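When a ligand or atom number is given, it counts from 1 through the structure's own listing order. What you are looking at is a predicted structure, and each value in this text was computed from that prediction instead of being measured.
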Amino acid sequence: MWDSIWINAHLATLRLGKYGVIRRAALAVEQGRIAWIGARADLPGEPAQLAREVHDCEGRWITPGLIDCHTHLVYAGNRAREFELRLQGASDEDIARDGSGITSTVRETRDASEMELIRASSARLKNLMDEGVTTVEIKSGYGLDTATELKLLRVARLLGASGAVTVKTSLLGAHALPPEYQGRADAYVDLVCAEILPAAAEAKLADAVDAVCDSGSFSAQQTQRVFAAARALRLPVRMHADQFSDSNGAALAARWGALSADQLEHSNEAGVRAMAEAGTVAVLLPGMHFFLRQKQLPPVGLLRSHGVPIALASDCNPGSSPSGSILPMLNLACTLFGLTPEEALAGVTCHAALALGLGATHGTLEAGKVADFALWNIEAAAELAYAMGGNPCAGVVKRGVEVHRPD
Ligand code: DI6
Ligand code: FE
């Protein structure tokens with residue numbers, strides 16, 4: 001007897017990165033895992049005889065639960081004023097003089113209580129869950145001192161405590177230089193490696209370590225110090241790479257066996273080839289690209305030809321992607337980066353799972369995998385990337401239990 005069975009549904013399994021459609025299908029769950037999946041006609045009996053609970057999906061579609069594998073979702077305040085100034089042509093210097101910019105988010109986030117951060121962040125998280133998200137990666141990076149970086153990671157853990165969504169945390173101490181370390185980047189990297197990282201590891205608050213390796217951020221040498229410290233603590237790494245310039249970040253990420261290299265607008269072919277050989281996933285951030293009106297496109301053709309899995313994410317952050325929304329990213333990835341709707345859906349399911357080291361248990365609808373899936377009021381899987389706005393999500397199932405119904 002299975003715990004539950006879901007019938008009268010069309011499935012997009014995303015096996016091997018393809019839609020893998022099964023029409024008029026059934027999906028059975030046992031102890032939070034998918035126990036059986038296939039055409040209803042092939043079921044070994046009547047649903048009510050096979051499972052304790054029968055869910056009639058009334059012809060809806062089911063996909064793996066969506067995975068947002070790159071967010072900076074926990075922060076205080078917003079940067080709407082900066083957005084206005086930028087549209088009026090303000091430079092970074094003007095923005096800094098105005099007291100806006102990343103420093104303003106750091107200031108407000110340091111001053112905010114954990115409860116205030118939970119309140120602000122759970123609203124953004126609810127938005128993602130409304131859109132079918134069952135797993136989310138949350139970075140620190142707006143504290144840039146030990147106490148606040150740990151506060152951000154604790155808030156991220158608390159956001160996942162209910163079990164309605166899986167939260168994977170990344171310590172991003174090497175996000176930017178805090179005001180008190182201006183001009184002393186090496187000294188700040190000392191703090192990240194000798195104090196912030198060990199404290200987060202000790203408290204088991206970080207599932208991975210991230211760093212921004214780019215001109216205007218941290219150098220390859222500084223990034224490698226952070227990665228060496230992470231490796232010594234047995235924490236996997238990921239990287240923000242080549243956003244504004246080709247710093248050979250993609251190759252560096254591959255050399256350190258990074259789970260993912262993210263952004264990649266200016267990455268070169270050698271870097272892409274190294275990622276393919278190392279199994280490092282490419283995470284593209286179309287929302288950031290659009291919001292910053294970037295011109296240089298990430299090397300999608302090279303990623304395809306070298307067989308690098310392409311994931312997509314919201315990059316939810318106040319400065320370059322103020323979007324607590326994942327569905328528009330599928331459309332932007334198609335319209336801006338030339339992905340197919342199938343590649344876009346694989347980007348927020350199976351490939352996003354790989355980027356979080358969850359490929360064996362999440363990201364596809366297959367027997368044995370964790371029964372995280374979403375139900376959709378759509379006629380075809382391509383509609384998830386096709387629609388500009390609106391939310392066709394009809395329900396979210398976590399470990400076989402319906403945990404969320406969008407408003
Ligand atoms: N690149 C980005 O676009 C964000 N972080 C990063 O490394 C921007 C962060 C911010 O401006 O708040
Ligand atoms: Fe980011």
Notebook entry, point to check: What do the steps show when you test Gln263 against Asp242 for side-chain hydrogen bond (donor to acceptor under 3.5 Å, both in side chains), and what is the final call?
Noted result: CA-CA 7 Å; Gln263 291 167 330; Asp242 306 325; over 6 Å; no

Check: Do Asp111 and Arg107 meet the salt-bridge criterion of a basic N to acidic O distance under 4.0 Å?
Finding: no

Notebook entry, point to check: Do NZ/NE/NH1/NH2 and the carboxylate oxygens of Arg238 and Asp210 come within less than 4.0 Å?
Noted result: no

Checklist line | Proximal protein heteroatoms (N, O or S) of the Fe ion (ligand 2), under 2.8 Å | finding: His70 NE2, His72 NE2, His240 NE2, Asp315 OD1

Next item on the list: Could you check His175 against His240 for side-chain hydrogen bond (donor to acceptor under 3.5 Å, both in side chains), going step by step and ending with a plain yes or no?
Entry: CA-CA 9 Å; His175 186 200; His240 282 72; 5.5 Å; no

Check: Got a sec, which residues hit ring-ring contact (aromatic ring centres under 6.0 Å, His included) with Phe291, two or more places apart in sequence or on another chain?
Finding: Phe83

Item checked: For Trp6, all residues meeting ring-ring contact (aromatic ring centres under 6.0 Å, His included), sequence neighbours excluded -> His55, Phe373

May I have every N or O pair linking ligand 1 to the protein at under 3.5 Å, one per line with atom names and distance?
unit_1: ligand 1; atom_1: 1 (N); unit_2: Gln243; atom_2: OE1; d: 3.0
unit_1: ligand 1; atom_1: 1 (N); unit_2: Gln263; atom_2: NE2; d: 3.4
unit_1: ligand 1; atom_1: 3 (O); unit_2: Gln243; atom_2: NE2; d: 3.0
unit_1: ligand 1; atom_1: 3 (O); unit_2: Ser320; atom_2: OG; d: 2.6
unit_1: ligand 1; atom_1: 5 (N); unit_2: His175; atom_2: NE2; d: 2.8
unit_1: ligand 1; atom_1: 11 (O); unit_2: Arg79; atom_2: NH2; d: 2.8
unit_1: ligand 1; atom_1: 12 (O); unit_2: Arg79; atom_2: NH1; d: 2.9
unit_1: ligand 1; atom_1: 12 (O); unit_2: Arg79; atom_2: NH2; d: 3.4
unit_1: ligand 1; atom_1: 12 (O); unit_2: Tyr142; atom_2: OH; d: 2.6

Next item on the list: Output yes when Asp315 and Lys139 qualify as a salt bridge under the 4.0 Å nitrogen-oxygen rule, no when they do not.
Entry: no

Next item on the list: Using a strict 4.0 Å threshold on nitrogen-to-oxygen distance, state whether Asp68 and Lys168 make a salt bridge.
Entry: no

Margin query: For Glu379, is the CD atom crowded, meaning more than 12 foreign heavy atoms sit under 6.0 Å from it?
Written below: no

